[in-house]
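Shown next, in structure tokens, is the structure this report addresses.
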Amino acid sequence: FYSKAVLSIVSKDKVIGSVIILKNITEFQQMDEAKTNFIATISHELKTPISSIKMSLKLLEDSRIGAVNTEQRQLLENIDEDARRLLQITAELLDMAQAETGKLNLHFGSTHPQNIVDYTIKALKTTAEQKHITINVKCAQNLPDVHADLDKSTWVLINLLSNAIKYSHEKSVVDLVVKKHHNDEVEFSVEDHGRGIDQQYLSRIFDRYFKVPGTTTDQTGTGLGLAIAKDFIEAQAGKIGVESELGEGSRFYFTLKMAGKN
Ligand code: ADP
């Protein structure tokens, strides 16, 4: 494979020549594939021992093995939280590697948008309450079913809503809106009134590992969530995007095909 760049040489508004630069990128592509396979293998291999740590922690918490004092319980909870986080990171890495190699396994079915919304709200109710954030759900009347992978679509909406909560100020409002879009799509959107995103970073927000520089709150993030969300939505023939204003808030949206219109 070659990448090509053409430069024109202009003198007095006239093109007097051009330079073509050809670069062999086969080696880069092979390296990229090797990296992706490596990530897939590692994340797969890590899943088992981390799950086993979680199982052992559960056993330790079981009073039949012996009581733990408050301090020890706190330590166990810390380890459990870290193990949960590690599992999430390995799952994200695996999803990303699978998407990159086109091995994403989708299970399509007909589902009502309300199901996706209900699962999402259930998953994040407590997180929102902890920050006293109100989630305003507005589902249009008579929404049609969508042709989608329920788990992956729910994963995307959970990710967008979780970011909205993460980057919102306490006691603010997040709008989750679902409506028909054009003739054959349903649009899900999540709008927050949080810190917003600088225009200069908007085009890179869906890139792998990208995190807006200079932010302190998102140190726990991998910068993979939105990249995977994009893979999941595009694999379902949908579109994903963002509009944002620094200091005002952001609106992330995605579309899914209506059932029967795919
Ligand atoms: P992460 O796991 O780091 O949150 P994401 O891919 O979900 O990764 O997001 C990438 C980056 O985009 C985040 O680190 C954050 O800087 C920015 N971002 C995402 N959602 C929002 C939002 N609703 N408001 C402001 N910034 C956001």
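All of these numbers come straight from a predicted model, not from anything done at the bench. By convention here, the first residue in the shown sequence is residue 1. In each ligand, atom 1 is the first atom listed, and ligand 1 is the first ligand listed.
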#### Entry: Under 3.5 Å: N/O of Val212 near N/O of ligand 1
yes
### Query
Do ligand 1 and Asn159 have nitrogen or oxygen atoms that lie under 3.5 Å from each other?
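No, no N or O pair falls under 3.5 Å.
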Could you tell me whether [X] approaches ligand 1 through its side chain, its backbone, both or neither, with non-hydrogen atoms closer than 4.0 Å?
| X | answer |
| --- | --- |
| Leu160 | neither |
| Phe252 | side chain |
| Ile197 | side chain |

### Task
Could you tell me which residues satisfy side-chain contact (heavy atoms from CB on, under 4.5 Å) with Asp118, sequence neighbours excluded, listed by chain and number?
Gln114
### Query
Say you draw a straight line from CG of Leu161 to NZ of Lys166; how long is it, rounded to the nearest 0.5 Å?
12.5 Å
[X], [atom1] atom: more than 12 neighbouring heavy atoms under 6.0 Å:
| X | atom1 | value |
| --- | --- | --- |
| Phe108 | CZ | yes |
| Phe210 | CZ | yes |
| Glu170 | CD | yes |
| Lys152 | NZ | yes |

### Query
Are Leu94 and Ile53 connected in the hydrophobic side-chain network, where two residues link if heavy atoms are under 4.5 Å apart?
no
### Message
On a heavy-atom basis, I'd like to know which of Ile205, Val174, Leu224 is closest to atom 17 (C) of ligand 1.
### Response
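Considering heavy atoms of Ile205, Val174, Leu224, the nearest to atom 17 (C) of ligand 1 sits in Ile205.
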### Message
Just to be sure I'm reading this right: ignoring hydrogens, which of Tyr167, Phe206, Tyr201, Tyr209 gets closest to atom 13 (C) of ligand 1? Compare them by their nearest heavy atoms.
### Response
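Minimum heavy-atom distance to atom 13 (C) of ligand 1 goes to Tyr167.
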Counting each atom of ligand 1 from 1 as listed, which ones have a heavy atom of [X] under 4.0 Å away?
| X | answer |
| --- | --- |
| Ser250 | 24 (N) |
| Lys211 | 3 (O), 14 (O) |
| Arg195 | 15 (C), 16 (O), 26 (N) |
| Phe210 | 10 (C), 11 (C) |
| Lys166 | 4 (O) |

### Message
Is Gly194 close enough to touch ligand 1? Criterion: a residue heavy atom under 4.0 Å from a ligand atom.
### Response
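No heavy atom of Gly194 comes that close to ligand 1.
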### Message
For a quick test of reading the model, state the closest non-hydrogen atom pair linking Ala83 to Ile50 and the distance between them.
### Response
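Smallest heavy-atom distance, with atoms named: O-CG2, 3.5 Å.
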#### Entry: Arg73 bridged to Glu77 by N-O distance under 4.0 Å
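Looking at Glu77 together with Arg73, the answer is no, because their closest N to O distance does not fall below 4.0 Å.
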